[in-house]
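By convention in this document, chain letters (A, B, ...) are assigned in the order of the sequence lines, proteins followed by strands, and residues within each chain are numbered from 1.
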Protein chains: 2
Amino acid sequence: MDFSSELIAEGVKEFSKLPGIGKRSALRLVLHLLKENPDYTNSLADNLKKMREQIKLCKLCYNYTDTEICTICTSHKRDKSVLCVVVDTRDIMAIENTAQYRGIYHVLGGVISPVDGIGPQDLKINELLARIPNSEITEVILALSPTMEGDTTAFYLSKKLKELGIKTSTIARGIPVGGELEYADELTLGRSILNRTALV
Amino acid sequence: MDFSSELIAEGVKEFSKLPGIGKRSALRLVLHLLKENPDYTNSLADNLKKMREQIKLCKLCYNYTDTEICTICTSHKRDKSVLCVVVDTRDIMAIENTAQYRGIYHVLGGVISPVDGIGPQDLKINELLARIPNSEITEVILALSPTMEGDTTAFYLSKKLKELGIKTSTIARGIPVGGELEYADELTLGRSILNRTALV
């Protein structure tokens, strides 16, 4: 595309670096900024810079936080004996939205993936293992995606946690609530039969 | 959604103000910024601010430009006797991409729309009419969208331009190149028959 202005071209370049934003969407965003008052762009830019500069990782669970220790780790209402291991902060938000979990979290920052050159030392695994002794934690729930890498990471962690005498579990795999049986893939359906739940 | 951090919530709020970006996409963008180096966010923010501050409207055609007069208006290769009236800078980009037009432009900034309270005085219409006397312009092409508002604006302009003794035309309406006749709407097909082109 040929832009009438170098400045527009640069703005489009900046926006299209973001995930999920192509050149056309980027141009749309740029023209939106140009149409609005300059204060609008300044507020956007300054708030993003402020966010990036001031945000911290919680010293306990490695979730994003505005303070040294995050609100979940400091809360007196949370059950400190159950810890849920997740990949990133989005997973915490998803689990929090269910309102079914009152324990604490630990953010790994990724999964073990030899193909991408990510080993256990690249994740917050040592930090997790160091956190457990001298804590109230008795159970660790591994809430990782059911992919090859997620399962590998879960297996690695469960071995390490067993050495510490910690009870581990993974979130249940099965037919989604509201899902149709006939459309479920064989693997999920197979697992849902193997891990059937007794009716009481 | 419940964010673990006020700063994240603010970042999401800022991004979701942009057109076409919902809360979920905004969160994705925020987490992307947080994952990357802080320099990345600073570069994004600074470049957007710079763009918004330094961009100007061309004093002749009101297109966005980095200089007082835009590159099209100053170019010696353009035909200064033909002027194309468009709504915004995106239309100029689209026409420039066709490489079929070598004249100059005039950006109206919108169309006459009584419903939205936009009258002729809110657009660059007086600037257009003032531009024509003492210029080389002999023909004005109205390249407005074939909507009710676009047609109203074209009608208004053609009346005003006729008073100045300027030849006016609108871009052709008809079946798009590669379009199927049977899928064309009645209005377009009707216009394409009325405005048929003689074969030579």
Within-4.5 Å side-chain heavy-atom neighbours: Arg90(B) and Leu31(A):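 SC-SC contact between Arg90(B) and Leu31(A) confirmed.
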Please confirm whether the backbone N or O of Asn42(A) pairs with a side-chain atom of Arg52(B), one donor and one acceptor, at under 3.5 Å?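 Answer holds: no.
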Leu83(A) with Leu144(A), same ILVMFWY side-chain cluster at under 4.5 Å: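 Yes, Leu83(A) connects to Leu144(A) through the hydrophobic network.
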Where on Thr65(B) is there a heavy atom nearer than 4.5 Å to chain A: the side chain, the backbone, both, or neither?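 Looking at Thr65(B), just its backbone touches chain A.
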Step by step, would you call Leu18(B) with Phe15(A) a side chain to side chain contact (heavy atoms under 4.5 Å, CB included)? CA-CA 12 Å; Leu18(B) 294 172; Phe15(A) 268 128; 4.2 Å; yes
What distance do Leu44(A) atom CG and Leu44(B) atom CG have between them, rounded to the nearest 0.5 Å?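 If I round to the nearest 0.5 Å, the distance is 7.5 Å.
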Flag the one option from Glu10(B), Lys50(B), Lys35(B) with the top tally of heavy-atom pairs under 4.5 Å to chain A.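 Greatest number of close heavy-atom pairs with chain A: Glu10(B).
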Counting heavy-atom pairs under 4.5 Å to chain B, which of Ala45(A), Ser5(A), Gly109(A) comes out on top?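 Heavy-atom pair counts peak at Ser5(A).
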I'd like to know whether CZ of Arg131(A) has more than 12 heavy-atom contacts from other residues, nucleotides or ligands below 6.0 angstrom.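 Buried by this count: over 12 neighbours within 6.0 Å.
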Just wondering, more than 12 heavy atoms not from Gln121(A) lying within 6.0 Å of its CD?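 More than 12 within 6.0 Å, yes.
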Which of Ala94(A), Cys70(A), Pro38(A) touches chain B most, by non-hydrogen pairs under 4.5 Å: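 Going by pairs under 4.5 Å, I would pick Pro38(A).
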Does Glu139(A) CD have over 12 foreign heavy atoms under 6.0 Å away?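 More than 12 within 6.0 Å, yes.
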Around Lys56(A), counting heavy atoms of other residues, nucleotides and ligands shown, do more than 12 lie under 6.0 Å from its NZ?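 Yes, enclosed.
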Heavy-atom side-chain contact between Lys13(A) and Asn47(B) under 4.5 Å: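 No, their side chains stay 4.5 Å or more apart.
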So which of Thr67(B), Leu29(B), Ile21(B), Thr71(B) has the largest heavy-atom pair count under 4.5 angstrom toward chain A?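 Maximum pair count with chain A is reached by Leu29(B).
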Spacing of CG belonging to Leu34(B) relative to CG belonging to Leu48(A), to within rounding of 0.5 Å: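 Taking CG in Leu34(B) and CG in Leu48(A), the distance rounds to 9.5 Å.
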NZ on Lys49(A) to NZ on Lys49(B), rounded to 0.5 Å: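 One finds 5.5 Å between NZ of Lys49(B) and NZ of Lys49(A).
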Are Leu123(A) and Leu128(A) grouped together when hydrophobic residues (ILVMFWY) are joined by side-chain heavy atoms under 4.5 angstrom apart?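 Both belong to a single hydrophobic cluster.
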Verify the cluster assignment for Val85(B) and Leu161(B): are they in a single hydrophobic cluster under the rule of side-chain heavy atoms below 4.5 Å apart?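 Looking at the clustering, Leu161(B) is in the same group as Val85(B).
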Can you tell me which of Val30(A), Ile92(A), Asp88(A), Ile72(A) forms the most heavy-atom pairs within a distance under 4.5 Å of chain B?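 Max contact count across the listed options: Val30(A).
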Would Ile132(B) and Phe155(B) show up in the same hydrophobic cluster when neighbours are defined by side-chain heavy atoms closer than 4.5 Å?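 No, Ile132(B) and Phe155(B) fall in different hydrophobic clusters.
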Looking at Asp185(A), I want to see if its CG is surrounded by more than 12 non-hydrogen atoms of other residues, nucleotides or ligands under 6.0 Å.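 Atom CG in Asp185(A) is crowded, with more than 12 foreign heavy atoms closer than 6.0 Å.
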With side chains defined as the heavy atoms from C-beta onward, is the minimum distance between Met51(B) and Thr41(A) less than 4.5 Å?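 Heavy-atom side-chain distance check fails, nothing below 4.5 Å.
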For Arg28(B) and Gly20(A), which heavy atoms make the closest approach, and how far apart are they?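 Nearest heavy atoms, Arg28(B) then Gly20(A): NH2-N, 4.1 Å.
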Which portion of Ser25(A) sits near chain B, non-hydrogen atoms under 4.5 angstrom: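 Neither part, no heavy atoms under 4.5 Å.
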Should the heavy atoms of other residues, nucleotides or ligands under 6.0 Å from CD of Glu6(A) be counted, would the total exceed 12?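 For Glu6(A), atom CD is not crowded (no more than 12 foreign heavy atoms under 6.0 Å).
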Got Tyr64(B) and Leu7(A) here, is their nearest side-chain heavy-atom distance under 4.5 Å?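 No - every pair of side-chain heavy atoms lies 4.5 Å or more apart.
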Looking at Lys59(B), I want to see if its NZ is surrounded by more than 12 non-hydrogen atoms of other residues, nucleotides or ligands under 6.0 Å.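 It does not: Lys59(B) NZ has 12 such atoms or fewer within range.
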Can you say whether Asn37(B) sits under 4.5 Å from chain A via the side chain, the backbone, both, or neither, judging by heavy atoms?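 The backbone, not the side chain.
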Interchain contact, Glu53(B) with chain A, by part (heavy-atom threshold 4.5 Å):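 Side chain only.
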Does Lys162(A) NZ have over 12 foreign heavy atoms under 6.0 Å away?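 Atom NZ in Lys162(A) is not crowded, with 12 or fewer foreign heavy atoms closer than 6.0 Å.
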Using a cut-off of under 4.5 Å on heavy-atom pairs, state which of Ile55(B), Asp66(B), Leu33(B), Asn63(B) scores highest against chain A.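 Looking at each option in turn, the highest pair count goes to Asp66(B).
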